[in-house]
Number of protein chains: 2
Amino acid sequence: MSIPAPSSTTKDRILEVAVPLFASAGFDGVSMRAIATAVGIQPASLYNHFPDKQALYLNAMAYAFADKARGISETARAPGSPEARLHRFIDRFTALMAEDPDFRRLLQRELLDGDENRLRLVAQQVFREPFGAISALAQDLDPECDPHMLAISMAGLVLFHFETAPVRRFLPGMRVEQDSPSVIAEHVKRLLSRALARV
Amino acid sequence: MSIPAPSSTTKDRILEVAVPLFASAGFDGVSMRAIATAVGIQPASLYNHFPDKQALYLNAMAYAFADKARGISETARAPGSPEARLHRFIDRFTALMAEDPDFRRLLQRELLDGDENRLRLVAQQVFREPFGAISALAQDLDPECDPHMLAISMAGLVLFHFETAPVRRFLPGMRVEQDSPSVIAEHVKRLLSRALARV
DNA sequence: CATGAACTAACGGACGTTCGTTATCATGTG
DNA sequence: CACATGATAACGAACGTCCGTTAGTTCATG
C-alpha cells in the first residue's frame, strides 16, 4: 500500500503497526502490550516515544489521515463541468475508501466515540478543506440545494455501502459484485446524476 | 419512548439500563459493575439473570431492536403510489432514528465491531424483513436499478446525516436546522424523488 | 421449608504505567 | 587513534487498579 521508508524510525514503525490495530479494535480494544508485541519491543519501550496511550492514539490518527484530506479536496476542485467533476470525485472517493479500510474505520469510530476535542481536531485539520471543496461542487451541481447537506449526502451514499458490507452478506438479494468499488461508484454516480440533472 | 410495564422484572430493568450504556460506550466500555450500579444492585447479582456479559449484551441488543424491525417494514409496505410510499418511509425512518439514538448507535457499533455470528443474527432476525420491504419499494420506484443497492442508498442517505452530526458542528456552512429530523427528511425526499422520477 | 434472588468477599488476570538498569552509538577530547 | 561522555532507546520487573466471574451466605416469599 505505502512504500516503507528504508530508514524508518521506531516511532514510525509503531504508528504503522498501531493504525490497523486501532482501526479494527478501537482505543480500548488495543492494549499497549499488543502494540508492543506487534512492533517487536517491550511495552515499556513505547513510553520512550509517546508520553501515554492517548498521545499514541492521536499520533496514529494523524498518521492515518495524513494526505487523505489533500487527495479528496484535489479531486473535488479539479476543473471541468460540474457533472464531470462529480463523476471524478465519486470515482476517486470510492477508490480511496476501498483501498484504505483503516481510514474509513478510524473515521467511523471517531464519529461514534470521539470526544469533543478529538472531533474538533479531526474536523478542522482533516475535513474542513475537503468538505469545503465538496460543498462548492454541490453548489455548482444544484444551486437551490443546501450545499452542506448535499455534500453530506454525496459522501454518505458512497460510505454507507462500505459500512454495511459486513451485514449485507446475510441479507437477501446480495451479489458479490455489489461490494466492488466500481459498481458502487457507478450506482452512486447514476443516482446523483439523475437527481441533480438541470431541470 | 416505550411504556414501562408496571410489573417489570429485574431482568427487564437490567436490560433497560444496559441498552443506553452499551449504545454510548460499547461492549468493552461498559463494565458489569457499571451496569449493576446503574440498576442499583451488586455486580454479582447480574449473574442470577444472565450467565455472562456476552449473554447480557445479546439480550440488550434484542431488547433494543425489538419491534423496530416491524415498524420499519410496515411503513415501507404500506399501500399507495411508489412516490407516496417513499415519502412515508423516509419520514418514518428519519423520525425513528431521531427519537431512538440508542438503536442507531448500537447498529453502527455492530457494523464496526460485530463478529460474524452477531451480524448474522442481527441480519436475519432484525433486518431481513424490513430490508426486503425497502428493496421491494426500491424496485417499484426504479425497476432498472439494482433494488439491493438502491435500498442501501435510501437508508444511508438518512443515516449518514445523523452519523456525522457530531463532527458537522465543526465544519463550515453548518446551521442548527440541518440536524432537525424534518429538514433531513425533506432533503432526502427531494433528492430521491428527483433521482427516481419516471423518465 | 424450599427456592430464587439479593448480598459480601474474594480470586486471577489484564491493563496502563513507572522504575532502575543496560546496551548502542555518535561525538568531542587527550 | 584511543577513549571517555552523553543521549537515546531498549529491557525486565513491578505497582496499583479495574475487570469478569465465582463462592458462600442471608433473606423474603410461596
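Predicted model only: the values in this text are computed from it and were never measured. In the text below, chain A, chain B and the rest are named by the order of the sequence lines, each starting its count at 1.
A donor-acceptor pair shorter than 3.5 Å cannot be found between the side chains of B:Q124 and B:R120. Side-chain atoms of B:S135 and B:H148 form no donor-acceptor pair, as typed in the model, at a separation below 3.5 Å.
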Ring pair (Phe, Tyr, Trp, His ring centres under 6.0 Å) between B:F131 and B:F127, intermediate numbers included: CA-CA 6 Å; B:F131 185 77; B:F127 290 112; 8.6 Å; no
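Reading DNA chain C from its 5' end, the first and the last nucleotide to sit under 4.0 Å from a heavy atom of chain A are C:dC15 to C:dC19.
Two end axes, each from the C1' atoms of five base pairs, can be drawn for the helix from C:dC1-D:dG30 to C:dG30-D:dC1; they diverge by 0°, to 10 degrees.
For A:H87, there are no ring-ring contact (aromatic ring centres under 6.0 Å, His included) partners, not counting sequence neighbours. Residues that satisfy the salt bridge (Lys or Arg N to Asp or Glu O under 4.0 Å) test with B:R70, not counting sequence neighbours, are B:D67, B:E74. By the side chain to side chain donor-acceptor pair (under 3.5 Å) test, A:S73 pairs with A:E129, sequence neighbours left out. With sequence neighbours left out, the side chain to side chain donor-acceptor pair (under 3.5 Å) criterion links A:D115 to no other residue. Every salt bridge (Lys or Arg N to Asp or Glu O under 4.0 Å) that A:D179 has, sequence neighbours left out, goes to A:R168.
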Polar atom pairs (N or O), protein with nucleotides 26-28 of chain D, under 3.5 Å:
none

Under 3.5 Å between N/O atoms: give me all the protein pairs with nucleotides 16-23 of chain D, atom names plus distance.
{"from": "D:dG20", "atom 1": "OP1", "to": "B:K53", "atom 2": "NZ", "distance (Å)": "2.5"}
{"from": "D:dG20", "atom 1": "OP2", "to": "B:M32", "atom 2": "N", "distance (Å)": "2.7"}
{"from": "D:dG20", "atom 1": "N7", "to": "B:R33", "atom 2": "NH1", "distance (Å)": "2.6"}
{"from": "D:dG20", "atom 1": "O6", "to": "B:R33", "atom 2": "NH2", "distance (Å)": "2.8"}
{"from": "D:dT21", "atom 1": "OP2", "to": "B:Y47", "atom 2": "OH", "distance (Å)": "2.8"}
{"from": "D:dT21", "atom 1": "OP2", "to": "B:K53", "atom 2": "N", "distance (Å)": "2.9"}
{"from": "D:dT21", "atom 1": "O5'", "to": "B:Y47", "atom 2": "OH", "distance (Å)": "3.4"}

Would you list the protein and nucleotides 7-10 of chain D atom pairs, both N or O, that sit under 3.5 Å from each other?
{"from": "D:dA10", "atom 1": "OP1", "to": "A:T10", "atom 2": "OG1", "distance (Å)": "3.0"}
{"from": "D:dA10", "atom 1": "OP2", "to": "A:H49", "atom 2": "NE2", "distance (Å)": "2.6"}
{"from": "D:dA10", "atom 1": "N7", "to": "A:N48", "atom 2": "ND2", "distance (Å)": "2.7"}

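By the 4.5 Å side-chain criterion applied to Ile, Leu, Val, Met, Phe, Trp and Tyr, A:V176 is assigned to no cluster and stands alone. Hydrophobic cluster membership of A:L112, counting Ile, Leu, Val, Met, Phe, Trp and Tyr whose side-chain heavy atoms lie under 4.5 Å apart directly or via other members: B:L112.
For an aromatic pair to be called close, the ring centres must be under 6.0 Å apart, and B:F160 with A:F160 fails this.
Proximity of a side-chain donor or acceptor of B:T75 to a complementary backbone N or O of B:I72 within less than 3.5 Å is detected. Within the 3.5 Å criterion, the main-chain N or O of B:F27 finds a donor-acceptor partner in the side chain of B:K53.
Annotation: the span from A:R105 atom CZ to A:D100 atom CG amounts to 12.0 Å, rounded to 0.5 Å.
Both A:L171 and B:L111 belong to a single network of hydrophobic side chains, linked directly or stepwise wherever heavy atoms of I, L, V, M, F, W or Y lie under 4.5 Å apart.
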